[in-house]
Amino acid sequence: MIFYNTISRKNNFVFLFLFLFSFTVRAQDLTSSPYSRYGVGDLQFGGFSKNLGMGGLSFALSQPYSINFSNPASYSALTLTTFEAAGNSSMYQLKNSSSEGYQYNAQFGYLAMAFPLRAKKWGVSFGLLPYSNVGYGIADHQTNIVGDDEYHLYEGSGGLNQFYVGTGLALGKGFSAGVNVSFLFGTIDQLRKIYYPSNNYYNAKVTDETVINDFYFNAGLLKTFDSLSIAKSDSLMLFDKRLETLEDSMEVLKKLLYAVNHANTGDTIVLASQRESFEKNISELNQQISKADSTREHVVIRKQKSDWSLSIGLTGSPSISLKGKHTKLAQSYYLYNGIDYIRDTVYSIEDKSGRLFLPLSLGFGATVKEGTRWIIGTDFSIQNWQDYSLFGEKDALSNSWRSAAGLQWTPNDRSIKSYFSLIQYRIGAHYEQTYLQLRNSQLADYGVSVGFGFPMKRVATTIQLALEAGRRGTTANNLVELNYIKCSLGFTLNDRWFIKPKFD
């Protein structure tokens, strides 16, 4: 079996091109996986560059200056208008028991915008991102029962995109809900050919074109628990002011007691009574100051602990039937000077209406944060792909699940002296049992990732970089092992838009 590249190699300047023309329909293949011939192709990760750098962590993330498409409930935390975009590139090594090959590509990653309708209460987002990609080219040489050579050729291209509009709303303290409504659209083209060099048989080819245009949605819930809630009366300024008042009163009483103790004249009975009263008041003030000091220390500890929070997220997409059209053409042909000449049309269906059935998916995540320094968490998701069908036909798919874990560390996001303290450092890993069930083997996909967020000084922009290395499949049972390195380069821009000025 030979893998050949269906994708032209591109330089890094393609990222800028993709940003400028990201809303055009894709005209090139965006993946290089022979496994993309199954189902709707290679399902694309629904998160952004910063999520990829943390192994795909996204279900329970909620940040005021970034967009989290995976859980629309997070839009409620927005405080500024946010714009995000990225381009992706990848390198694949494809191996089986007899050969190997390398393929490269670059593609549009995502383009999204979000803004608060009410800061930290209600937010809205919209954008464009890929849902699945199809891109493969396989040539397989076989010998038939009478000893003649025959070549099987498989090619595929296209995929599905989604344009979404979503909103998230805070429903209570630390609790929010949201929904994304997506328009799923795209075309998947597939070609199968059998070629006989001996010309003793008719060559044959079958072309399939599937067009999908319909609405799809996903929803999310998010709950955040602060480690300790701080009441308004726990203000350190109030405690400092009270301590200052008590200490000033103490100084006045000590001066009065000193004057009484060093008085040379006066009624000794009166002086003794005053001395006793002053000493009693000083003792009571000492107790109040000691108690206030102790309470203040507790408040300091409570405030330090209150930087920690736990967030739990739940996301889901219902099983849904999407409208589509299918065109299929089966023909016999002969090959001359590298050109296919049609002999006869055996079978033809044009624009036949049908349904693509996408199955239920559920995701659960939990993250722990310490202020702006640490984020650490884990995700788990499942999808019931055994229920998948395309125009009434099943595929070799099985139920899938995915787990991920990751963390982000920012040494000091307010550092003035050290730029390296401002950088967001990310690391993560994932493991997935994919929906591919081939030759009695369910294929696994696993990998590790690193990421960085580089803030640009004097502008509210962060450059996002993520690198992921992983493996899908195996060479056992004459299957294909796919080793890959993926890179996502994007940016996050924050600004104050849609805010009415106070002065003309």
Side-chain angles (χ1 to χ4, degrees), residues 1 3-4 6-7 25-44 130-142 144 150-162 183-196 201-216 319-336 338-359 385-398 435-438:
M1 185 181 295
F3 312 104
Y4 57 91
T6 62
I7 301 162
V25 177
R26 296 176 297 178
Q28 71 279 352
D29 306 327
L30 301 179
T31 188
S32 301
S33 169
Y35 295 127
S36 65
R37 63 181 291 203
Y38 300 98
V40 292
D42 275 347
L43 298 177
Q44 298 302 290
Y131 181 84
S132 70
N133 289 331
V134 177
Y136 60 90
I138 304 171
D140 188 18
H141 173 245
Q142 298 180 12
N144 63 20
E150 60 182 44
Y151 291 89
H152 294 249
L153 301 159
Y154 305 91
E155 292 182 358
S157 62
L160 302 180
N161 304 284
Q162 54 183 332
F183 183 70
L184 213 60
F185 65 97
T187 301
I188 298 174
D189 294 308
Q190 293 179 307
L191 171 65
R192 292 169 288 164
K193 299 174 71 173
I194 300 178
Y195 168 65
Y196 299 95
Y201 313 90
Y202 283 151
N203 304 320
K205 66 178 180 180
V206 178
T207 57
D208 286 275
E209 181 187 74
T210 302
V211 179
I212 300 297
N213 295 285
D214 210 345
F215 288 95
Y216 178 71
S319 57
I320 192 167
S321 180
L322 306 176
K323 293 185 297 184
K325 291 186 177 180
H326 184 214
T327 297
K328 188 171 186 177
L329 186 63
Q331 298 170 308
S332 63
Y333 72 97
Y334 66 92
L335 188 66
Y336 182 74
I339 300 176
D340 295 349
Y341 292 92
I342 303 302
R343 292 178 182 271
D344 189 18
T345 297
V346 180
Y347 184 77
S348 177
I349 295 178
E350 186 173 357
D351 290 337
K352 180 182 179 181
S353 297
R355 293 280 179 171
L356 166 65
F357 188 85
L358 289 180
W385 281 101
Q386 286 184 343
D387 291 340
Y388 167 86
S389 66
L390 177 61
F391 298 104
E393 296 182 5
K394 295 286 188 178
D395 209 337
L397 306 183
S398 183
Y435 63 37
L436 297 170
Q437 182 78 30
L438 304 174

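No hydrogens, no waters, no symmetry mates; every other heavy atom, side chains included, goes into these values.
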Separation between [atom1] of [X] and [atom2] of [Y], rounded to the nearest 0.5 Å:
X: Leu397; Y: Leu438; atom1: CG; atom2: CG; value: 8.5 Å
X: Leu184; Y: Leu356; atom1: CG; atom2: CG; value: 8.0 Å
X: Glu209; Y: Thr187; atom1: CD; atom2: OG1; value: 5.5 Å
X: Asp208; Y: Ile349; atom1: CG; atom2: CD1; value: 9.0 Å
X: Asp387; Y: Phe357; atom1: CG; atom2: CZ; value: 5.5 Å
X: Phe185; Y: Gln162; atom1: CZ; atom2: CD; value: 9.5 Å

For residues [X] and [Y], determine if any side-chain heavy atom of one lies less than 4.5 Å from a side-chain heavy atom of the other.
X: Tyr136; Y: Tyr35; value: no
X: Leu358; Y: Tyr131; value: yes
X: Thr327; Y: Leu329; value: no
X: Lys328; Y: Ser348; value: no
X: Trp385; Y: Leu43; value: yes
X: Phe391; Y: Lys352; value: no
X: Tyr196; Y: Ile194; value: yes

For [X], I'd like to know if atom [atom1] has over 12 heavy atoms of other residues, nucleotides or ligands within 6.0 Å.
X: Lys325; atom1: NZ; answer: no
X: Phe183; atom1: CZ; answer: yes
X: Lys394; atom1: NZ; answer: yes

(request) Apply side chain to side chain contact (heavy atoms under 4.5 Å, CB included) to the pair Asp395 and Arg37, showing each step before the final yes or no. (result) CA-CA 10 Å; Asp395 209 337; Arg37 63 181 291 203; over 6 Å; no

(request) Would you please say whether a donor-acceptor pair under 3.5 Å links the side chains of Gln437 and Tyr38? (result)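 Not at all, the side chains of Gln437 and Tyr38 share no donor-acceptor pair under 3.5 Å.
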
For [X] and [Y], which heavy atoms make the closest approach, and how far apart are they?
X: Ser132; Y: Gly41; value: CB-C, 4.4 Å
X: Gly135; Y: Ser36; value: N-OG, 3.2 Å
X: Phe215; Y: Ile320; value: O-CD1, 3.4 Å
X: Val211; Y: Asn213; value: CG1-ND2, 3.3 Å
X: Val40; Y: Ile188; value: O-CD1, 3.8 Å
X: Pro34; Y: Ile138; value: CB-CD1, 3.4 Å

(request) Could you go through the side chain to side chain contact (heavy atoms under 4.5 Å, CB included) check for Gln190 and Val206 one step at a time? (result) CA-CA 8 Å; Gln190 293 179 307; Val206 178; over 6 Å; no

Would a distance-only check, ignoring hydrogens and angles, find a side-chain to backbone donor-acceptor pair under 3.5 Å from [X] to [Y]?
X: Arg355; Y: Ser321; result: yes
X: Asp189; Y: Ser157; result: no
X: Gln44; Y: Asp42; result: yes

(message) Please identify which of these residues, Thr207, Asp340, Asn203, meets the side-chain hydrogen bond (donor to acceptor under 3.5 Å, both in side chains) condition with Lys193.
(response)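 Looking at Thr207, Asp340, Asn203, the match for Lys193 under the side-chain hydrogen bond (donor to acceptor under 3.5 Å, both in side chains) is Asp340.
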
(request) Check ring-ring contact (aromatic ring centres under 6.0 Å, His included) between Tyr151 and all other residues, then give those that pass, not counting sequence neighbours. (result)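 For Tyr151 the ring-ring contact (aromatic ring centres under 6.0 Å, His included) partners, ignoring immediate neighbours, are His141.
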
(request) Start with the C-alpha gap between Leu191 and Leu153, add the side-chain angles, then the distance that decides, and say whether side chain to side chain contact (heavy atoms under 4.5 Å, CB included) holds. (result) CA-CA 8 Å; Leu191 171 65; Leu153 301 159; over 6 Å; no

(message) Classify the ring geometry of Tyr341 against Tyr334: parallel below 30°, tilted from 30° to 60°, perpendicular beyond 60°.
(response)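 Rings of Tyr341 and Tyr334: parallel, as their planes differ by under 30°.
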
